[in-house]
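To keep things clear, I will list the structure first and then write my remarks on it.
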Amino acid sequence: MPGDIAVCIKQVPHPDCLAKLSLDAARGTVNREGVPAVINPVDRNAVEASLRLREKLRNRVIALTMGPPAARKALEDALAMGADYAVHLCDRAFAGADTLATARALAGGIRSTGGIALIICGNTTIDSGTGQVAAQLAEMLDFPCVTDIEEIMPEDGASLLVKRAWEQGDIRVRVRLPAVLAVNAKINQPRLPNVLDIMAARQKEIKEWCAADAKVEAGCVGLAGSPTQFWQAGEFHARRQGEILRGSPDEMVAAAVDKLKKLELI
Amino acid sequence: MKNTHQVWVWIEHHKDVINVGSLGLLGKARELAQQLGGGNVAAVLAGTDSPQITEELFSYGADDIYLADDKSISLFDSESCAGFVAGLAREHKPEIMLWGATSLGKEIAARAAVKLDTGLTAHCIALDIVEIDNVTQLAASVSGWGGNAIIRIICPQKRPQMATVKAGIFPPARFEKRQGGIIRVKAAQSPARIEVIEVITAPERADAPEQAEVVVAGGWGMSSLGGLEQAAELAKLLGGSLGGTRPSVDAGWISHDKMIGQSGVSISPRLLITLGVSGAAQFTSTVQSSKFIMAIDKNPDAPIFEMADLGIIGDLPEILPRLIEKIKAVKDKK
Amino acid sequence: MDFNLTREQEMLRDMVREFAQRELAPKALALDAKGEFIHDIIKKTAELGLVGIITSKEFGGTGMGHLARMLMIEELSRIYASLGFFFQTGQIGMYAIENFGTPEQKQKYLPALCKADKIISTALTEAGGGSDPSAIQTTAELKGDEYIINGRKVMISEAPVCDLAIIVAKTGDKFSAFIVEKGTPGFTTSGKENYVGLRSLPVGDLVFTNCKVPKANLLGQEGKGLAVAIGGISAVGRTGVAGVALGTAEGAYAAAVKYAKERKLYGKPIAELQAIQYMLVDCNMEIETARWLCYKAAVLLDQGKSPRDAGDDITRCKLYSCDIASKVALRAIQIMGGYGTIPQYEITRRLNDSIELFTAAGTQEIMKNTLARSIIA
């Protein structure tokens with residue numbers, strides 16, 4: 001396969017800590033203080049899928065993320081797993097991006113990196129969970145895109161065979177390169193980096209790029225470039241004026257069944 | 001030209017069956033169109049011109065149908081579909097476009113949003129028309145961070161306003177038949193960069209919770225039952241589906257494809273009976289469209305009782321056998 | 001003073017934590033019940049570079065150091081102490097060979113040990129007592145190019161499964177250390193004790209009957225065998241046991257906290273009862289104290305301090321961590337009430353494992369003797 005593999009990853013709050021996040025209701029931003037951050041779980045499957053392809057195709061794997069300075073850690077994890085080098089899109093101008101603005105920044109990063117034949121993403125993130133970025137990135141780069149992928153088989157240098165899931169089963173698809181693929185967690189088990197890989201990761205390069213380095217206009221990315229906006233936040237509640245039954249188990253069950261019958265629910 | 005088709009719905013279908021989420025969205029689109037001042041609802045359809053499908057679209061709320069004239073456009077080809085729908089939108093300028101948040105639908109919507117340079121809000125759990133700064137617009141609610149918060153998102157400057165919604169959030173509703181028309185539109189296939197080799201349709205999940213009229217949902221509290229048998233019996237008795245919350249899936253009682261909640265399916269049955277479900281927002285936000293909710297749990301403070309139409313506070317091993325017996329008696333009488 | 005881990009150490013800890021979740025957490029209960037050596041799991045840790053974590057790269061190790069090793073043992077023991085304890089015993093021998101062995105011995109043994117292709121035991125204890133090395137009765141007589149070894153070592157970790165052993169025997173009135181390979185005529189292993197804790201590590205005897213060992217297998221200088229053994233037992237054994245104790249306490253504590261937050265009594269979680277809170281506070285304080293004693297000893301070794309110079313810190317971390325592990329486990333049992341002693345709740349295992357640690361790599365009382373000598377010296 002001529003060209004490299006870019007794997008797009010995101011740093012997210014630790015899955016066990018999602019409940020600890022609080023919302024700044026005025027600004028619509030999330031208060032992440034004190035919540036540990038990790039690489040988005042399925043993004044590790046994406047890194048693993050990239051590395052397995054590299055073993056067959058002998059190209060390079062480049063880890064790419066957009067995020068604040070702390071997101072560097074997610075790139076370090078990808079480097080320890082085996083990525084060759086990393087690109088960190090890090091600029092205040094990127095902050096507050098919706099999926100469209102995120103895809104724009106990533107597309108800029110991909111173009112500026114150059115020579116990318118395949119982009120692999122995780123299917124969805126655990127924090128915002130839109131699952132839109134991969135397809136939007138593909139559209140911007142004018143690449144084909146397949147999401148929900150559970151299997152990737154390289155063919156000749158010009159295409160890949162993939163198995164994607166959908167609600168009613170599986171679809172086997174041949175996709176011509178260059179392309180964007182989004183994988184789900186069933187595709188593989190991400191490798192654990194061994195001790196030597198961990199120690200070697202720090203020697204690998206992480207390029208830190210601002211918006212200008214990625215050749216994107218600051219007004220097109222981040223909050224300024226996002227067509228969707230936060231309006232309001234509130235606590236979720238779905239109250240109903242329900243009736244709570246009292247009495248012995250027999251009495252409660254009798255009353256309940258009477259009511260269901262009356263409402264023609266049974 | 002007057003904009004007559006204000007709210008559009010992308011129709012997903014397979015083997016002459018329309019996705020239940022698409023049908024539900026048509027109904028919701030009617031509601032939104034009315035709030036916008038009485039605009040029309042259009043279904044956008046590609047890959048088929050089966051009269052069975054078009055008839056059904058009219059009876060579930062479509063005023064008109066935009067139909068891609070090239071039948072060979074496959075719904076699996078998100079590039080061509082997005083190209084078709086974006087071209088159409090550029091010409092007719094709808095206010096709102098809705099999509100089922102399906103594996104394929106999300107891909108098409110995402111690509112179309114880029115083509116139209118507009119905003120797309122994912123996995124909405126509510127859609128409302130609101131007025132902000134004198135602009136009438138769509139507020140799309142999504143749940144955030146484990147479901148504990150509702151976040152309302154707007155797209156003030158760009159049109160159309162686009163949103164994806166999981167099946168089950170808006171239950172399909174039949175409407176009086178429209179006097180609608182089928183508008184055939186020229187559609188071009190994109191250069192084939194994706195070739196579908198094989199479509200493997202999994203055996204129909206007859207008892208899928210998101211399709212069922214009656215759902216019995218088990219939660220962590222089912223552990224006191226020492227097994228699934230009684231819960232399954234209740235579901236069978238009511239001709240319904242047995243699903244469960246995340247803890248009951250993690251515990252291995254319920255299979256993953258029947259997990260109800262934000263990481264699973266959304267449901268909107270006629271009757272939902274919860275067994276030992278405490279009612280975390282991650283669950284309740286996806287069952288709120290259920291017509292009638294009956295909750296059984298031993299903890300009187302469980303949040304599930306706040307959203308139930310009928311609540312029984314008691315131990316499942318005490319309540320469930322009696323409930324089954326009583327319902328059997330009612331059925332036998334009939 | 002910087003209390004932060006390096007990024008590498010952090011990544012190592014995360015990696016080991018995930019390994020333990022994947023490979024140990026689902027099986028710990030069954031492994032403990034079975035009580036068989038877990039060579040397959042140990043091989044996996046070797047592939048991750050964990051077995052050779054204090055062995056230099058030159059000899060097939062990964063050379064990440066003693067603090068990294070401490071973090072690893074802590075994380076593994078939090079889920080399943082038997083595996084953590086393997087690194088305690090296994091790495092004593094590796095440390096001794098690297099620090100006292102000839103270049104030939106290092107090349108011959110260390111790469112296979114790092115891969116866990118071979119398992120090594122270190123044997124000092126005899127029936128006359130483990131705490132008093134001068135009670136060693138096993139003899140090694142030099143005849144020509146060979147030492148003739150006679151005697152019996154008891155309660156030796158991994159004895160039933162070891163491929164080689166480092167033993168200390170009397171040469172004249174002094175002691176010397178030897179590497180004895182499995183298959184050497186006159187070297188047999190016997191028995192497997194049925195211990196209540198650390199059940200995936202078989203313990204048994206090493207028996208030497210006119211066992212002929214080539215002169216080249218002398219480890220270190222003749223007559224300096226105790227220094228060889230004690231150096232390894234102190235720097236690697238005692239810190240290792242301390243790490244196992246720390247992780248074991250953490251595992252019990254985590255289960256107790258989770259239970260206390262979930263279990264309701266009088267209409268609210270028992271975690272809101274002050275009696276429970278105080279027990280949790282005691283556990284928390286003790287664990288945090290143990291952790292910093294452990295980390296400090298490991299950091300001193302990483303800074304190049306000899307086991308002797310870091311001796312007091314090593315002694316303190318072993319003494320204190322092993323002291324609190326069983327206390328924490330007992331409190332966890334108390335907090336969990338009737339569930340506490342059901343094996344499926346995995347707290348009794350923590351208690352059983354923790355009480356095995358008292359005697360490992362030197363009893364608590366020997367630790368006190370050592371520290372006392374240092375205080376009044």
Side-chain angles (χ1 to χ4, degrees), chain A residues 18-19 21 23 28 30 98-100 103 129-132 135-136 138-140 144-148 161 165-176 179 226-240 242-245 249-250 252-254 256-257 259-261 263 265-266, chain B residues 14 76 79 102-104 106-107 110-111 113-114 118-123 139 143 145-158 193-202 238 270-271 281 284-285 288 292 294 305-314 318-319 322-323 326-327 330:
Chain A
L18 284 183
L21 294 174
L23 184 81
V30 187
D98 70 359
T99 63
L100 196 77
T130 65
Q132 290 173 181
Q136 296 194 314
E139 181 64 32
M140 287 171 188
C145 173
V146 185
T147 58
D148 248 326
L161 267 183
W166 68 312
E167 285 74 9
Q168 306 194 41
D170 303 313
I171 309 171
R172 290 186 347 107
V173 171
R174 174 173 292 122
V175 54
R176 188 152 346 134
S226 297
T228 62
Q229 288 178 14
F230 166 83
W231 178 43
Q232 284 182 337
E235 267 182 41
F236 173 79
H237 51 82
R239 271 169 215 284
R240 296 183 182 206
E243 177 192 355
I244 305 293
L245 299 171
D250 283 319
M252 289 191 289
V253 167
V257 173
K259 184 155 187 179
L260 294 179
K261 210 164 66 182
L263 294 168
L265 289 165
I266 52 174
Chain B
H14 184 56
F76 303 131
E79 283 180 75
T102 59
S103 191
L104 298 165
K106 282 193 299 186
E107 244 179 72
R111 293 199 88 115
V114 174
T118 190
L120 173 63
T121 306
H123 299 151
S143 64
W145 316 301
N148 296 314
I150 288 266
I151 300 159
R152 302 180 92 190
I153 308 239
I154 53 172
C155 179
Q157 265 135 37
K158 306 275 184 161
R193 297 190 286 191
I194 288 178
E195 179 194 345
V196 173
I197 313 269
E198 192 184 7
V199 177
I200 308 149
T201 308
L238 298 169
R270 210 158 49 88
L271 172 62
T284 53
S285 61
Q288 51 169 336
F292 191 89
M294 174 166 131
F305 290 118
E306 286 175 18
M307 72 164 317
D309 297 285
L310 189 62
I312 296 181
I313 296 164
E318 300 244 301
I319 304 291
R322 291 178 166 85
L323 185 66
K326 200 87 190 165
I327 293 176
V330 171

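Residue numbers start from 1 in every chain, and the chains themselves are labelled A, B, ... in the order their sequence lines are given, proteins ahead of strands. Here the structure is a predicted model, which is why all the values come from computation and not from measurement.
For the residue pair A/Met252 and B/Ile313, the shortest heavy atom distance occurs at CE-O, 3.3 Å. Contact between A/Lys259 and B/Leu310 at its shortest, heavy atoms only, is CD-CD1, 3.8 Å. The two residues A/Trp166 and B/Ile200 come nearest to each other via the heavy atoms NE1-O, 4.4 Å. The nearest pair of heavy atoms linking A/Ala135 to B/Ala110 is CB-CB, 3.6 Å. The two residues B/Thr102 and A/Glu167 come nearest to each other via the heavy atoms CA-OE2, 3.1 Å. Heavy atoms only, all atoms of each residue included: B/Leu120 and A/Thr228 are closest at N-CG2, 3.7 Å.
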**Request:** Given side chain to side chain contact (heavy atoms under 4.5 Å, CB included), test B/Ile197 with A/Val173 step by step and report yes or no.
**Result:** CA-CA 5 Å; B/Ile197 313 269; A/Val173 171; 5.6 Å; no
**Item:** Evaluation steps, side chain to side chain contact (heavy atoms under 4.5 Å, CB included), between B/Phe76 and A/Ile171
**Value:** CA-CA 9 Å; B/Phe76 303 131; A/Ile171 309 171; 3.3 Å; yes
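Two residues are said to be in side-chain contact when any heavy atoms from C-beta on lie closer than 4.5 Å; A/Phe230 and B/Ile153 fail this criterion.
Using a 4.5 Å cut-off between heavy atoms, B/Thr121 touches chain A through backbone and side chain atoms alike. Heavy atoms closer than 4.5 Å to chain B are found in both the backbone and the side chain of A/Leu265. Heavy atoms closer than 4.5 Å to chain B are found in the backbone of A/Ala165, but not in its side chain. Contact annotation for B/Glu198: both backbone and side-chain heavy atoms come within less than 4.5 Å of a heavy atom of chain A. Contact annotation for B/Leu238: only side-chain heavy atoms (C-beta onward) come within less than 4.5 Å of a heavy atom of chain A. Both the backbone and the side chain of B/Ala113 come within less than 4.5 Å of a heavy atom of chain A. Looking at A/Ala254, both its backbone and its side chain come within 4.5 Å of chain B, counting heavy atoms on both sides.
Most heavy-atom pairs under 4.5 Å with chain B: of the set A/Cys145, A/Pro144, A/Ala138, this distinction falls to A/Pro144. Between chain B and the residues A/Asp148, A/Leu260, A/Asp250, the largest count of heavy-atom pairs under 4.5 Å involves A/Asp250. Taking B/Gln157, B/Met294, B/Lys106 one by one and counting their heavy-atom pairs under 4.5 Å with chain A, the maximum is reached by B/Met294.
A distance-only check finds no donor-acceptor pair linking the side chain of B/His14 to the backbone of A/Gln168 [under 3.5 Å]. Between the side chain of B/Glu195 and the backbone N or O of A/Val175, no donor-acceptor pair lies under 3.5 Å.
From A/Met140, atom CE reaches atom CZ of B/Arg111 across 10.5 Å, with rounding to the nearest 0.5 Å.
Other residues, nucleotides and ligands place more than 12 heavy atoms under 6.0 Å from the CZ atom of B/Arg193.
In this structure, a donor-acceptor pair under 3.5 Å is present between the side chains of A/Thr147 and B/Glu107.
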